[in-house]
Amino acid sequence: MVKRIGIDVGGTNVKIALVDGEGKIIYSNSVPTYAQMGYEYTVNNIKQAIKDLMKETNTEAKDIQGIGFDFPGQVDCKTGVVKNAPNIPGWVNVPIAQMIEEEFHIPTRIDNDVRCAALGELKFGAGRGCENFVCITVGTGIGSGIVINGKVVRGAANAAGELGHIKLQMEDGPLCGCGDSGCLEAFASGPSIVAMAQEYLKGGKSAKFRELAGDGEITPYIVAKAAEAGDPVAKRIFEKMGYYIGMGLTSVINLLNPERIIIGGGVAECGELLLDPIRRTINERAMKVQRDAVEIIPAELGNSAGVIGASMLVEG
Ligand code: ADP
């Protein structure tokens, strides 16, 4: 039986899973990242988690075909070095693949998180049987993984897929975390939902999401719940989100002519609330030939896309 390890490194936790050749998770566990302790500390915890996984599943290194890592940041897939991961302080130029291979003698590869999610969806999720698609995630930011002719596109410097930085406004647009302005991500992301909600409240008006948040913070999840309960302001916020994302995707669809756009990430958990205005915008704005060929569908692998996709890096 084919067995691989997928490891999804996040700012808070590292998820680790033993995955079979059909994309089924045989065993999973997670350990805290504790990035503030330095990357060596996290790497030691990961090594221990791999040893625990092997012990608890009675698996030896020779039975494991590969180990794959995904990181939320810039990676060099060829050398297996994490260049920079903004949410995991201290992970700058870390040769993680070499460190793991030296310890376990198992082939190890790395990639960024959204491309791993796209690879997972390609092999075992909403991208099965599809040669050309774009998988996007909407959460704190907006990212994408592009699959062309059945292969994940990495680009000249492993940086392909930055859908969140498509420019929606040429001049005087909102500032973006990338240092530029007018990017899709500066208009539509989890934090933009919260900013739109707070802007409305500044006018002194009441809204369902304020009531649902109680004394706590307003989150995209709460704004989605308010919209589902019929709150007109919350509904308008998701309409705008879908409009902005739909406009960004219109350029992608015109450019690449994909069969599917697969939408995942925490904010996309609200389903049709976001998908419906995205589809309407694409129907109104994309070129006819491309728009007739594309379907806009939710991701299937959810939270597990990272570990499942990462586990496939050695094969892919
Ligand atoms: P990150 O980009 O930090 O990895 P996620 O992709 O996990 O984040 O997305 C987290 C965000 O998703 C949070 O802001 C949360 O409020 C939001 N979220 C979770 N569930 C829903 C939902 N059902 N509807 C709308 N937003 C949601």
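Just so it is clear, the structure is predicted and the values come from calculations on it, not from any experiment. We count ligands from 1, going down the list as the structure has it; atoms in each ligand are counted the same way.
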Next item on the list: Could you give me the CA-CA distance, side-chain angles and deciding distance for I262 and I136, then say whether side-chain contact (heavy atoms from CB on, under 4.5 Å) is met?
Entry: CA-CA 6 Å; I262 297 171; I136 87 161; over 6 Å; no
Note to self: The criterion is side chain to side chain donor-acceptor pair (under 3.5 Å); which residues satisfy it with Q169, sequence neighbours excluded?
What the structure shows: none
Note to self: Students should find this: residues with any non-hydrogen atom under 4.0 Å from ligand 1. What is the answer?
What the structure shows: G139, T140, T219, P220, Y221, A224, G265, G266, V267, E269, C270
Item checked: Charged N-O contact under 4.0 Å between R236 and E239 -> no
Item checked: side chain to side chain donor-acceptor pair (under 3.5 Å) against Q198, all qualifying residues, sequence neighbours excluded -> none
Next item on the list: Would you please name every residue forming a side chain to side chain donor-acceptor pair (under 3.5 Å) with E300, sequence neighbours left out?
Entry: R128
Next item on the list: Dump the intermediate steps for side chain to side chain donor-acceptor pair (under 3.5 Å) on Q48 and N44, then the final yes or no.
Entry: CA-CA 6 Å; Q48 188 55 48; N44 282 337; over 6 Å; no
